[in-house]
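What follows is a set of notes on a single structure, which appears directly below.
Each chain gets a letter, A, B and so on, in the order the sequences are listed, and its residues count up from 1. These numbers were taken from a predicted model, which means no experiment stands behind them.
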Amino acid sequence: MSKGLPKRSENYSEWYNELVKRADLAEHSAVKGCMVIKPYGYAIWEKMQRALDDMFKATGHQNAYFPLFVPKSFLEKEEEHAEGFAKECAVVTHYRLKKNPDGAGLIVDPDAKLEEELIVRPTSEAVIWNTYKGWIQSWRDLPLLINQWANVVRWEMRTRLFLRTTEFLWQEGHTAHATSEEAIEETERMLGVYATFAEEWMALPVLKGLKSANERFAGAIETYCIEALMQDGKALQSGTSHFLGQNFAKSFDVKFVNKDNQPEYAWATSWGVSTRLMGALIMAHSDDNGLVLPPRLAPVQTVIVPIYRSEEDLAVISERINPIVERLKSLGVSVKYDADDKYKPGYKFAEYELRGVPVRLAIGMRDLENGTVEVARRDTLSKETIALDGIEEKIVALLDEIQANIYQKALAFREANTFQIDSWDEFKVQIEKGGFIEAHWDGTSETEERIKAETKATIRLIPLETNQESGTCVYSGAPSKQRVVFARSY
RNA sequence: CGGGGCGUAGCACAGCCUGGUAGUGCGCUCGGUUUGGGACCGAGAGGUCGGAUGUUCGAAUCAUCUCGCCCCGACCA
């Protein structure tokens with residue numbers, strides 16, 4: 001048992017906040033709304049980055065880097081885009097400080113006012129499409145498939161560690177294509193990459209779909225998304241992929257000459273996932289004892305704790321364990337042998353549990369005599385004593401089993417918390433309990449807004465793969481062609 | 001922006017109402033005993049009480065102002 005971690009059932013958000021801090025993932029910084037990602041949390045993010053980056057490269061993308069600052073005039077060019085982000089921009093107005101002539105410290109030098117304000121990027125469409133103007137002339141320059149790993153700033157009113165911070169880390173893909181069809185194909189391809197990553201690496205089942213017009217990215221023709229269900233019954237948008245049409249090409253005058261020697265505007269996509277995925281990972285799997293990490297993203301997949309009374313005992317145990325550590329490493333398992341004398345085994349057990357290490361081995365003199373080892377798995381909290389011989393292969397198999405089990409558990413949770421609702425009364429009752437609600441919707445923004453105003457539920461997505469099933473809108477009673485997914489969300 | 005809370009040792013907090021030697025737990029240092037689910041004993045080190053001003057013989061404590069952070073809302077691709 002971990003000391004004093006709040007219970008999910010009693011106060012979910014306090015549980016989340018405490019867990020993030022206690023598991024050493026992140027902490028609040030001295031700067032409002034901004035967090036410090038600590039080494040253990042960053043190690044998980046790095047594993048996510050690595051896996052995603054490999055997937056981007058495998059689908060033909062290259063990394064590049066664009067400026068942190070966006071001149072205000074660039075941001076203004078795409079009107080909807082500008083309007084969508086205007087309310088949450090950090091603005092640089094000066095470039096110099098000076099000694100305070102009236103006292104101690106520094107003041108902003110009034111003589112150092114910028115001619116044009118710079119916006120700290122909330123996203124990079126503007127600066128990137130301004131750049132693409134110089135890169136794209138001919139159909140031969142297309143498709144242009146670029147990704148950037150970066151930080152962005154969105155001045156949200158209220159923040160939460162990982163889920164919504166003023167500054168956050170993400171990747172943003174920005175591609176340019178010769179045809180609408182190609183761009184849509186790209187948009188859908190990257191949504192698929194995100195879904196695959198969520199399911200295979202994060203062990204997080206996600207729904208794929210389209211956003212309604214209200215929820216669409218500012219400046220997009222169509223926004224695709226993946227949505228996951230958290231343990232408190234709220235939805236979390238975990239990734240988005242946008243078909244931007246020719247909006248940005250027109251705003252930034254990015255034209256190419258096609259094979260018929262005719263000028264055309266390029267077609268665009270953008271897609272991103274952020275450190276918010278860390279929040280999804282934490283909330284989807286963890287329990288009242290702490291973090292539960294899927295093995296594929298765990299910085300330490302297996303920890304080995306020796307139990308000993310004397311230095312001599314430890315030497316004997318280490319002699320037996322060291323080759324096992326080497327063998328595990330050669331099998332690609334990230335393993336830590338924790339022979340640190342500073343803490344007792346009980347402390348270590350609790351600590352590794354809190355940090356979500358998938359597999360823990362404990363071995364003492366008693367085991368050495370019996371040729372056994374105690375194997376504890378984090379996902380089920382179960383322990384068993386098994387033969388030490390051949391332990392390496394068993395661990396490799398066990399890690400796979402845990403990865404699959406965590407996914408199945410999350411999937412079962414989502415299925416148990418997905419409801420088809422056909423009456424407004426039932427809708428209002430169910431939304432209080434949480435979960436995904438599949439209901440008919442008449443397709444109008446007005447209805448969507450009224451539902452939101454009355455229940456705080458939003459349309460999370462319009463499913464991509466769905467049985468076309470006609471019905472009547474759960475709110476207005478007007479005809480509907482398919483069910484959409486409602487939920488309260490983060 | 002509204003509501004609430006907090007700012008005192010590295011961390012978590014008490015003390016404030018009723019002004020008078022700045023405390024407790026964890027952590028840290030040293031010594032010893034311990035080690036199969038967060039060990040114990042002993043001895044130590046460590047604080048401009050967020051900041052400013054005022055009241056007072058005297059302010060962590062009272063008053064005024066101010067800065068900052070957190071939580072709940074509103075907001076949010």
Side-chain angles (χ1 to χ4, degrees), chain A residues 1-6 11-14 16-18 21-22 24 27-35 78 80-89 103-105 122-125 152 154-161 163-166 168 170 172 211-220 222-225 236-242 244 270-274 276 289-290 305-311 313-314 317 338-354 360-368 370 372-374 376 381 383 385 452-453 456 458 460 489-490:
Chain A
M1 286 296 287
S2 60
K3 280 183 185 167
L5 193 63
N11 189 336
Y12 192 82
S13 79
E14 197 187 337
Y16 175 80
N17 281 327
E18 276 300 305
K21 287 179 226 171
R22 298 274 290 280
D24 237 5
E27 64 188 30
H28 291 288
S29 72
V31 185
K32 181 183 172 66
C34 295
M35 64 177 170
E78 212 292 333
E80 274 187 32
H81 186 67
E83 197 181 324
F85 283 102
K87 294 188 299 277
E88 50 191 44
C89 289
T123 180
S124 300
E125 276 78 4
V152 289
R154 296 182 188 179
W155 214 272
E156 304 281 0
M157 291 179 191
R158 193 155 125 58
T159 59
R160 303 197 64 186
L161 290 168
L163 298 174
R164 178 174 290 107
T165 47
T166 300
F168 57 93
W170 78 343
E172 46 183 326
K211 284 296 187 196
S212 64
N214 284 355
E215 302 280 328
R216 199 175 283 153
F217 177 77
E222 205 71 88
T223 288
Y224 295 66
C225 66
L236 184 71
Q237 177 176 299
S238 305
T240 48
S241 184
H242 315 290
L244 303 173
S270 70
W271 28 274
V273 294
S274 71
R276 172 179 260 203
N289 292 315
V305 178
I307 294 153
Y308 57 95
R309 289 170 198 280
S310 65
E311 287 298 312
D313 288 355
L314 177 59
I317 294 169
D338 186 358
D340 188 347
D341 192 37
K342 197 177 170 191
Y343 299 108
K344 290 176 61 177
Y347 182 92
K348 292 177 184 175
F349 292 171
E351 198 61 26
Y352 290 117
E353 226 158 71
L354 186 59
R360 183 186 74 230
L361 305 184
I363 184 162
M365 297 307 282
R366 207 164 66 203
D367 289 301
L368 278 193
N370 299 335
T372 59
V373 62
E374 182 189 85
L381 291 170
K383 291 190 282 196
T385 299
K452 185 179 180 182
K456 293 181 190 162
T458 50
R460 301 320 303 158
S489 73
Y490 277 95

Residues in ring-ring contact (aromatic ring centres under 6.0 Å, His included) contact with A/Tyr490, at least two apart in sequence or another chain: none
Write down the distance between OH (A/Tyr352) and P (B/rG38), rounded to a whole number of angstrom. 16 Å
For A/Asp313 and B/rU35, give me the distance from atom CG to atom P, rounded to whole Å. 11 Å
Quick one: does any side-chain atom of A/Lys211 pair with a main-chain N or O of A/Arg460 as donor and acceptor, under 3.5 Å? yes
Distance between the C1' atoms of B/rU8 and B/rU24, in whole angstroms? 13 Å
Could you tell me if the side chain of A/Lys452 sits less than 4.5 Å from the side chain of A/Asn214, heavy atoms only? no
Please evaluate the base of B/rG37 for a donor-acceptor partner in the side chain of A/Lys383 within a cut-off of under 3.5 Å? yes
Would you measure the distance from the P atom in B/rU66 across to the matching atom in B/rC57 and give it in whole Å? 28 Å
Taking only N/O atoms, report every protein-nucleotides 70-73 of chain B pair under 3.5 Å with atom names and distance.
unit_1, atom_1, unit_2, atom_2, d
B/rC70, OP1, A/His28, ND1, 3.4
B/rC72, OP1, A/Ser13, OG, 3.0
B/rC72, OP2, A/Arg158, NH1, 2.6
B/rC72, OP2, A/Arg158, NH2, 2.0
B/rC72, O5', A/Arg158, NH2, 3.3

Under the ring-ring contact (aromatic ring centres under 6.0 Å, His included) test, which residues partner A/Tyr224, sequence neighbours left out? none
What is the distance, rounded to the nearest whole Å, between atom OH of A/Tyr343 and atom C1' of B/rC28? 11 Å
Set of residues satisfying side-chain contact (heavy atoms from CB on, under 4.5 Å) with respect to A/Arg164, sequence neighbours excluded: A/Glu156, A/Arg276
Return the CD1 to OG1 distance between A/Ile363 and A/Thr385, rounded to the nearest 0.5 Å. 10.5 Å
Presence of donor-acceptor pair under 3.5 Å, side chain of A/Arg360 and base of B/rG37: yes
Can you tell me how far C1' in B/rA14 sits from the matching atom in B/rU61, rounded to whole Å? 13 Å
Nearest-Å distance, CD (A/Glu311) to P (B/rU34)? 14 Å
Rounded to whole Å, CD of A/Glu351 lies from C1' of B/rU35 at a distance of 17 Å
With a 4.5 Å cut-off on side-chain heavy atoms, are A/Cys225 and A/Thr240 touching? yes
Looking at every strand, decide which applies to A/Arg276 at a 4.0 Å heavy-atom threshold: base, sugar-phosphate, or nothing. nothing
Take the protein atom CD of A/Glu215 and the nucleotide atom C1' of B/rC75, then report the distance between them rounded to whole Å. 13 Å
When the distance from CG of A/Asn214 to P of B/rC75 is rounded to whole Å, what number comes out? 13 Å
Among B/rC76, B/rG37, B/rG36, find the nucleotide with the atom closest to the side chain of A/Ile307. B/rG36
All N/O contacts under 3.5 Å from nucleotides 39-44 of chain B to the protein, with atom names and distances to one decimal?
unit_1, atom_1, unit_2, atom_2, d
B/rA39, O4', A/Lys344, NZ, 3.1

Listed by chain and number, what are the side chain to side chain donor-acceptor pair (under 3.5 Å) partners of A/Asp24, not counting sequence neighbours? A/Lys38, A/Arg355
For A/Phe85, ring-ring contact (aromatic ring centres under 6.0 Å, His included) partners two or more places apart: A/His81, A/Phe217
Below 3.5 Å between N/O atoms, which protein atoms pair up with nucleotides 3-9 of chain B? Just atom names and distances, please.
none

All heavy atoms of A/Glu78 vs all of A/Gly219, minimum pair found to be OE1-CA, 3.7 Å
Set of residues satisfying ring-ring contact (aromatic ring centres under 6.0 Å, His included) with respect to A/Tyr308, sequence neighbours excluded: none
Would you mind classifying the nucleic acid contact of A/Gly84 as base, sugar-phosphate or nothing, using non-hydrogen atoms under 4.0 angstrom? nothing
Report the relative orientation of the aromatic rings in A/Trp170 and A/Phe168; use parallel for angles under 30°, tilted for 30 to 60°, perpendicular for over 60°. perpendicular
Whole-Å distance between B/rG38 P and A/Asp338 CG? 16 Å
Would you tabulate the nitrogen or oxygen pairs shorter than 3.5 Å linking the protein to nucleotides 31-33 of chain B?
none

Is the side chain of A/Lys348 donor-acceptor paired with the backbone N or O of A/Val305 at a distance under 3.5 Å, no angle test? no
Taking the same atom, C1', in B/rG7 and in B/rA43, what whole-Å distance lies between them? 33 Å
Whole-Å C1' distance, B/rA12 and B/rG47: 15 Å
For A/Cys34, is there any backbone N or O sitting under 3.5 Å from a side-chain donor or acceptor partner on A/Ser29? yes
Under the rule of Watson-Crick or G-U wobble with both distances under 3.5 Å, where | means paired to another strand and [ ] a crossing pair, RNA chain B maps to ((((((((.[[[[.)....(..]]]].((((((.....)))))).....[[[[[..)....]]]]])))))))....
If we take the C1' atom in both B/rC40 and B/rG25, what is their distance in whole Å? 16 Å
With rounding to whole Å, what would you report as the distance between B/rC16 and B/rA60 at their P atoms? 14 Å
Check whether any side-chain heavy atom of A/Leu5 lies under 4.5 Å from a side-chain heavy atom of A/Asn289, and answer yes or no. no
Please figure out whether A/Arg164 or A/Lys348 has its closest RNA chain B nucleotide nearer the 5' end. A/Lys348
Say whether, by atom type as modelled, one donor and one acceptor occur between the side chain of A/Asn17 and the main chain of A/Glu14 under 3.5 angstrom. no
Indicate, with a heavy-atom threshold strictly under 4.0 Å, whether A/Tyr16 touches base, sugar-phosphate, or nothing. nothing
Check side-chain contact (heavy atoms from CB on, under 4.5 Å) between A/Lys383 and all other residues, then give those that pass, not counting sequence neighbours. A/Arg360, A/Glu374, A/Ala376
Using OP1 and OP2 only, check whether a side-chain N or O of A/Lys342 sits under 4.0 Å from B/rC28. yes
Using a cut-off of less than 4.0 Å, is there contact between a side-chain N or O of A/Arg366 and OP1 or OP2 of B/rG36? no
Taking any heavy-atom pair under 4.0 Å as a contact, classify A/Arg216: base, sugar-phosphate, or nothing. sugar-phosphate
To the nearest 0.5 angstrom, please state how far the CD atom of A/Glu125 sits from the CG atom of A/Leu244. 6.0 Å
Would you say the side chain of A/Glu172 lies within less than 4.5 Å of the side chain of A/Thr123, judging by non-hydrogen atoms? yes
For atom C1', what is the distance between B/rA59 and B/rU18, given to the nearest Å? 14 Å
